[in-house]
Number of protein chains: 2
Amino acid sequence: ARPKVGYFYSGKSQFNLFSEEVKRIKVETMMSLPIVVTEETSVYDAIVTLFLEDVGTIFVASKGYLSGVISRKDFLKSAIGGTDMNKVPVGMVMTRRPNILTIGLKDSVLDAAIKILDHEVDSLPVVEREIVEGKEQLKIIGRISKSNVTKLFVELCKA
Amino acid sequence: ARPKVGYFYSGKSQFNLFSEEVKRIKVETMMSLPIVVTEETSVYDAIVTLFLEDVGTIFVASKGYLSGVISRKDFLKSAIGGTDMNKVPVGMVMTRRPNILTIGLKDSVLDAAIKILDHEVDSLPVVEREIVEGKEQLKIIGRISKSNVTKLFVELCKA
């Protein structure tokens, strides 16, 4: 390549500048509202909520704090597994804490995207940690999904 | 739902340069393999394929060409609707051409992302058009999803 003189245009440094800016974009600016049901909700009612709200994942709360998550894939698994959807509560089929991933309001969208890809989930609950009677509880604040990341990607390209 | 808060960045020129570069990234560089079943496949077998391949959407082919698509959401709908999943073929529950969206190999990932968001789907079949006996047919080449866009977003940030 010809030696660069004076100002030169470098694809690489441009992407570096870009990524530094993007790393500052926080989850709180891109998240959606969380859709939450209680553990006692029947699988059937939870699926109806999933369709009405048109989301891929529902969060489950117990006493106001996050206790589990359940996705379209989990529901489909219990549907073909012959679960009695009107009788079984979501608490019995959800993925329960501590086996779930979460993200904070002030974390970057990039970190959320990396977590989503690494663990092959569609979305993450956005939470705030609280200590209640000596125990860490998670308050559900929002939801960040591949859709939110895709939206950010499009917004950045259109900027 | 609360109005979405977009991301606004004042230093536009840097993002303009970025977005010009990104617009050149083509679907063919980021797509995944398509998972395809025939119209005669039972809904049950198609769901099993969905789980084995761990995809959100399956494409349906007739005589080797795209005839429909069926998503996790469509399957869940037929599961709670009481469809006899072992008897009903996917051809009866899929979304059929021409009511499906597609994208080309040489289209940009940005265009794919915009189509995905605008039409609230998880993925698009990547196709090549062929004229067979005077009729336009679509050869299924790949699959591009919100996961692929999220992956590109992460790669650009890490670059």
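A, B, ... follow the sequence lines: proteins, then strands. Residue 1 opens every chain.
When hydrophobic clusters are built by joining Ile, Leu, Val, Met, Phe, Trp and Tyr residues whose side-chain heavy atoms come closer than 4.5 Å, directly or via intermediates, B/V48 is not grouped with B/V36. In the hydrophobic cluster analysis, where Ile, Leu, Val, Met, Phe, Trp and Tyr join through side-chain heavy atoms closer than 4.5 angstrom, A/M30 is grouped apart from A/V127. In this structure, A/L152 is not a member of the same hydrophobic cluster as A/V55, with clusters built from ILVMFWY side-chain heavy atoms closer than 4.5 Å. In terms of hydrophobic clustering, with Ile, Leu, Val, Met, Phe, Trp and Tyr side chains grouped at heavy-atom distances under 4.5 Å, A/V132 and A/I140 are assigned to different clusters. No continuous path of ILVMFWY side-chain contacts below 4.5 Å connects B/L33 to B/I144, so the two sit in separate hydrophobic clusters.
Both the backbone and the side chain of B/K151 have a heavy atom closer than 4.5 Å to some heavy atom of chain A. In this structure, the portion of A/E120 lying under 4.5 Å from any heavy atom of chain B is its side chain and not its backbone.
Residues B/S147 and A/K146 share a closest heavy-atom pair of OG-NZ, 2.7 Å.
Residues of residues 59-84 of chain A placed with any heavy atom under 4.5 Å of a heavy atom in chain B are listed by number as A/R72, A/K73, A/F75, A/L76, A/K77, A/A79, A/I80. Against chain B, the residues from residues 91-117 of chain A that qualify, each with a non-hydrogen atom under 4.5 angstrom away, are A/V109, A/L110, A/A113, A/I114, A/L117 in number order.
Note that CZ of B/F153 is 9.5 Å distant from OG1 of A/T150, once rounded to the nearest 0.5 Å.
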